[in-house]
Amino acid sequence: MSEEKLPKQSENFSEWYNQLIQRAELADYAPVRGCMVVRPYGWALWENIQKALDKRFKETGHVNAAFPMFIPMSFLEKEKEHVEGFSPELAIVTIGGGQTLEEPLVVRPTSETIIGHMYAKWVKSYRDLPILINQWANVVRWEMRTRMFLRTLEFYWQEGHTAHETAEEAEEETLKILNLYADFAINEAAVPVIPGIKSEAEKFAGANKSYTIEAMMLDTKALQSGTSHNLGQNFAKAFEIQYLDRNNELQYAWTTSWGVSTRFVGAIIMSHGDDQGLILPPRLAPIQIVIVPIFKNDDDREKVMKVVRDLEKDLAQFRVKVDDRDNLTPGFKFNDWEMRGVPLRLELGPRDVDNQTVVVAQRDIPGKSGKLFLPMENLASQLETILNDFHDRLLKKATDFRDSHIFEPNNYVEFQEVVQNGWAYVYWCGDAVCETAIKNETKATTRCRPLGQEKSHGKCIYCGKDAEYKTYFAKAY
RNA sequence: CGGGGUGUAGCGCAGUUGGUUAGCGUACCGCGUUUGGGACGCGGGGGUCGGCGGUUCGAGUCCGCCCACCCCGACCA
């Protein structure tokens, strides 16, 4: 339960974030540095994220499976860029059952290698393709600096791994998933994301191309919220995923991988929250509607609670919670549920019972102005509309915020200015030298080159050479 | 791994030049009154003062070493 007020978001964003997570009981610090315990409320949110994604995966022909958490060290070493990218952050098991292991086992930082190994066994013919497998799993990356949900040593995610007959199919899959992610983010989480392609420097270790959905947090920093990689034949060659094609010729398969993690919980917190606490998107909120009964004496209590229980049944289509804790005042409960981000709160007291009405407070509109006074009749269908409108408002608000913090500076001096409090959308020549220089001088990194951008002509914001595409630059988590 | 900081009740903190029984707010438990925007009274439980060692008649306080965590930098879903 919470006490007192949170730090103000505008004054100390990161402290606001840290405290909110603990106070809202999303997660707590584990006794191991950099690890978190996801508490029931946080996990319920993650479960709703899982459901929304899993449904989309299944609809597009994917199936779930589970691969081991331990990977032989030698597997990691088979793909050169992959091992270079991940070796600094590996947790490695060298002892098992009291015996020194003959070969150290890596705790998976991601599963391309072990899945590649298995695919090599399973794929013999073009008839075995495509393979479209996803797994829900935990992975470990030994990060130096950690933050709740955004970067922890262990995190939970889904990782899809597919193998295809042709380069075109693999690219199509990569983009299909990217769009699936964007659809999820926008329509479930009300997080407006920009789908795009990563620069060479920012792409996944071992990928030919990495795509990303980038979201702007309320402190204007960017958060990579999901990634989809076209791995080309890199892993197929490393693990010998080969098949006989339609002409009876041996070919390497084309593979992809893609993931969304518990980091997305952080994206939700930092996309919608305010000084009062969380604001959860209705379609993912563990509790969509909380009912707070109000009464002064036992007679009123009986009268009110009867209606509340009936109401709870009528609203079975929603995720409803009745706050019947009788040691707390309504005022306290209002603040408590607001901090936890429940989209709608129904206040129901003796007056409402007499009038056959209910007060509906909308979390995203503070104070009395957000309160609706509705008749009980047909309440469920009214609430459905209200929740949909709520989602639309959240999305619009987040989109407006983002768009008002994207700038198109005309020169590098302006660029340096705008990336201090926003994103810059500028021509970039594509040279890693410029990218690195910009990063060193401003802390801003390339986020993505958005999909669907027409080729045009401009000058690189840094070096002034010809450039064909614009790229987003921002400080990022 | 470099720079800075903090470790005292679940959380937030106070604790004087070393001095008796370690304190406050909040949370928690009990009883009663309360309840339409963070209620109140009375009574209670809860601490190896981060760890180890040293100085001292006496250490939360002084000294040394170690550990943990946080913030800032180089890597990252």
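Note on naming: letters A, B, ... go to the chains in the order of the sequence lines (proteins, then strands), and numbering restarts at 1 for each one.
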Peer 1: Once you apply a heavy-atom cut-off of 4.0 Å, does A/Thr146 come out as touching a base, just sugar-phosphate, or nothing?
Peer 2: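 The residue A/Thr146 makes no contact with any strand.
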Peer 1: Residues two or more places apart in sequence or in another chain: which of them pass side chain to side chain donor-acceptor pair (under 3.5 Å) with A/Trp428?
Peer 2: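 Listed in chain order: nothing, the list is empty.
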Peer 1: If you look at every strand shown and take non-hydrogen atoms under 4.0 Å, does A/Val359 touch a base, only sugar-phosphate, or nothing?
Peer 2: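 Base contact.
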Peer 1: Should B/C57 form a Watson-Crick or G-U wobble pair with both distances under 3.5 Å, which nucleotide is its partner?
Peer 2: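 Partner of B/C57: B/G19.
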Peer 1: Consider only side-chain N and O atoms of A/Thr471 and A/Thr446, and report whether a donor and an acceptor are under 3.5 Å apart.
Peer 2: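 Per modelled atom types, A/Thr471 and A/Thr446 side chains form no pair under 3.5 Å.
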Peer 1: Using a 4.0 Å heavy-atom cut-off, does A/Asn297 contact any base of the nucleic acid, only the sugar-phosphate backbone, or nothing at all?
Peer 2: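 It contacts nothing in the nucleic acid.
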Peer 1: Select base, sugar-phosphate, or nothing to describe what A/Gln22 touches, counting heavy atoms under 4.0 Å on all strands.
Peer 2: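 Contact class for A/Gln22: none.
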Peer 1: Write down the distance between CD1 (A/Ile294) and P (B/A39), rounded to a whole number of angstrom.
Peer 2: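 Rounding to the nearest Å, CD1 of A/Ile294 and P of B/A39 are 13 Å apart.
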Peer 1: Look only at the side chain of A/Ser111 and the backbone of A/Ile114, and say whether a donor-acceptor pair between them is shorter than 3.5 Å.
Peer 2: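 No.
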Peer 1: Using modelled atom types only, decide if a donor and an acceptor are shared between the side chain of A/His405 and the backbone of A/Phe401 within a distance under 3.5 Å.
Peer 2: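 Between the backbone of A/Phe401 and the side chain of A/His405 there is a qualifying donor-acceptor contact (under 3.5 Å).
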Peer 1: According to the Watson-Crick and G-U wobble definitions, with both distances under 3.5 Å, which nucleotide is paired to B/G73?
Peer 2: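 Per the H-bond distance test, B/C1.
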Peer 1: Check every strand shown and say whether A/Leu223 touches a base, only sugar-phosphate, or nothing at a heavy-atom separation below 4.0 Å.
Peer 2: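 The residue A/Leu223 makes no contact with any strand.
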Peer 1: How is A/Glu143 classified with respect to the nucleic acid when contacts are heavy atoms under 4.0 Å: base, sugar-phosphate, or nothing?
Peer 2: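 Since a base atom lies under 4.0 Å of A/Glu143, the category is base.
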Peer 1: Quick one: label A/Gly259 by what it contacts on the DNA or RNA (base, sugar-phosphate, nothing), any heavy atom closer than 4.0 Å.
Peer 2: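 Here A/Gly259 touches no strand at all.
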Peer 1: Can A/Thr256 and A/Asn230 be counted as having a side-chain donor-acceptor contact under 3.5 angstrom?
Peer 2: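 A/Asn230 and A/Thr256 do not have a side-chain donor-acceptor pair below 3.5 Å.
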Peer 1: Is there a Watson-Crick or G-U wobble partner for B/U26 with both distances under 3.5 Å, and if so, which one is it?
Peer 2: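 Here B/U26 is engaged in a pair, and the nucleotide opposite it is B/G10.
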Peer 1: For A/Arg147, which contact category applies under a 4.0 Å heavy-atom criterion: base, sugar-phosphate, or nothing?
Peer 2: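 No contact.
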Peer 1: Which part of the nucleic acid, if any, lies within reach of A/Ser261 when heavy atoms closer than 4.0 Å are counted: base, sugar-phosphate only, or nothing?
Peer 2: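 Here A/Ser261 touches the bases of the nucleic acid.
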Peer 1: Using a cut-off of 4.0 Å on non-hydrogen atoms, how would the nucleic acid contact of A/Lys443 be classed: base, sugar-phosphate, or nothing?
Peer 2: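 It contacts sugar-phosphate atoms only.
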